[in-house]
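Structure, as structure tokens:
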2 protein chains.
Amino acid sequence: MQETFTISELGKEFGITTRAIRFYEDKQLLSPLREGNKRIYTRSDRTRLKLLLRGKRLGWPLDEIRDVLNMYEAGHAGELQQLEYTCRKVEESRQQLEQQKLDIEASMADLATIEKRCRERIKLITGSSDENAA
Amino acid sequence: MQETFTISELGKEFGITTRAIRFYEDKQLLSPLREGNKRIYTRSDRTRLKLLLRGKRLGWPLDEIRDVLNMYEAGHAGELQQLEYTCRKVEESRQQLEQQKLDIEASMADLATIEKRCRERIKLITGSSDENAA
DNA sequence: CAGTATATTGACGTTTACGTAAACGTCAAT
DNA sequence: ATTGACGTTTACGTAAACGTCAATATACTG
């Protein structure tokens, strides 16, 4: 694996535009190095981006994602206040995830019901009658 | 349980504004009856709203949620085309949910790591040293 | 050295999901 | 008769999350 990446490499890898990546930087979710004025992304930056996109797939707003991302570093913080704050935030996120988990279970069950009904009706139509036979 | 509901009843029950509920109607996610020009919501409408909000907690856009909601009725459809289309859509949604499930597992694991680090550091600070003792 | 590819920074446009206010109707209670 | 709580429509505003130029710089490539 490479040590560093360009913006377009990351864009291709994750299927997003460079505009989006710069936007994330604007919103303080990334802070790549500069070589001249070109952005250089480390493997750590790449990981942050990967985590960011995971958060997006869960429908989280960018500022929440930013907070979670910052917890990774805050876990090493020196100040008690900061550590305790992070702990609380972790709990919040955990609860959100639990709720989403429940929502997923429920949705899955519903989809299963729908699909079953569909398949039964399809079988009824295509199987038994001659209505549409050539 | 009541047979019907007013817009503000539903608003209160689910902690959303009436403006939001009307907006969902505008976007074809709800279609309450009218009594005069006042909206009357049946229990079925209420269920749709509940499912809608579940979709929102999963970060789904409203038009996707609308499609899923419509599957409930499409499951009873008469046309083969429609039934097969619905089946495909169900599969899509199922895959999305699977992906979100994976994302949740991964996020949970990460949060656990962060919390562990935090608690260890906190123990180090509050437990051993006299740095901040009165 | 002109051309192509890749990068940059603005600036403005767009979509989604509502919020907010205006202006009005309806009905019950004071 | 008016006040207050609820409802309505219409219209404009707004925050988030980018997309879409345009103008510019830098680098390599034939």
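Note on naming: letters A, B, ... go to the chains in the order of the sequence lines (proteins, then strands), and numbering restarts at 1 for each one. Only a predicted model underlies this, so the values are computations on that prediction, with no experimental measurement involved.
Shown here are the salt bridge (Lys or Arg N to Asp or Glu O under 4.0 Å) partners of B:E98, two or more places apart in sequence or in another chain: there are none. Taking the side chain to side chain donor-acceptor pair (under 3.5 Å) definition, one finds that B:R19 meets it with nothing, sequence neighbours left out. In terms of the side-chain contact (heavy atoms from CB on, under 4.5 Å) criterion, residue partners of B:E84 (sequence neighbours excluded) are, by chain and number, A:I122, B:L80, B:R88. Taking B:T47 as the reference, B:L51 meet the side-chain contact (heavy atoms from CB on, under 4.5 Å) condition, with sequence neighbours excluded.
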Query - Annotated protein contacts, base or backbone, on nucleotides 9-26 of chain D with a non-hydrogen cut-off under 4.0 Å, one of B, S, - each - result: B-B-----BBBB------
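The separation between A:E35 atom CD and D:dA27 atom P is 10 Å, rounded to whole Å. B:E9 places its CD atom 17 Å from the P atom of D:dA5, with the value rounded to the nearest Å.
Side-chain N/O atoms of B:T6 include one lying less than 4.0 angstrom from OP1 or OP2 on D:dG7.
Around CD of B:Q2, the count of heavy atoms belonging to other residues, nucleotides or ligands within 6.0 Å exceeds 12.
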Can you list, pair by pair, the side-chain donor-acceptor contacts under 3.5 Å of residues 30-40 of chain A, counting residues two or more places apart and other chains?
unit_1: A:R34; atom_1: NH1; unit_2: A:N37; atom_2: O; d: 3.2
unit_1: A:R34; atom_1: NH2; unit_2: A:E25; atom_2: OE2; d: 3.1
unit_1: A:R39; atom_1: NE; unit_2: A:E25; atom_2: OE1; d: 2.5

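Residue pairs meeting the salt bridge (Lys or Arg N to Asp or Glu O under 4.0 Å) criterion with at least one member in residues 62-75 of chain B, sequence neighbours excluded: B:R48-B:E73. Listed by first and then second residue, the salt bridge (Lys or Arg N to Asp or Glu O under 4.0 Å) pairs involving residues 5-16 of chain A are A:E13-A:R46 (not counting sequence neighbours).
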Query raised in the report: Tell me, what's DNA chain C's dot-bracket, Watson-Crick or G-U with both distances under 3.5 Å, | for other-strand, [ ] crossing?
Result: ||||||||||||||||||||||||||||||
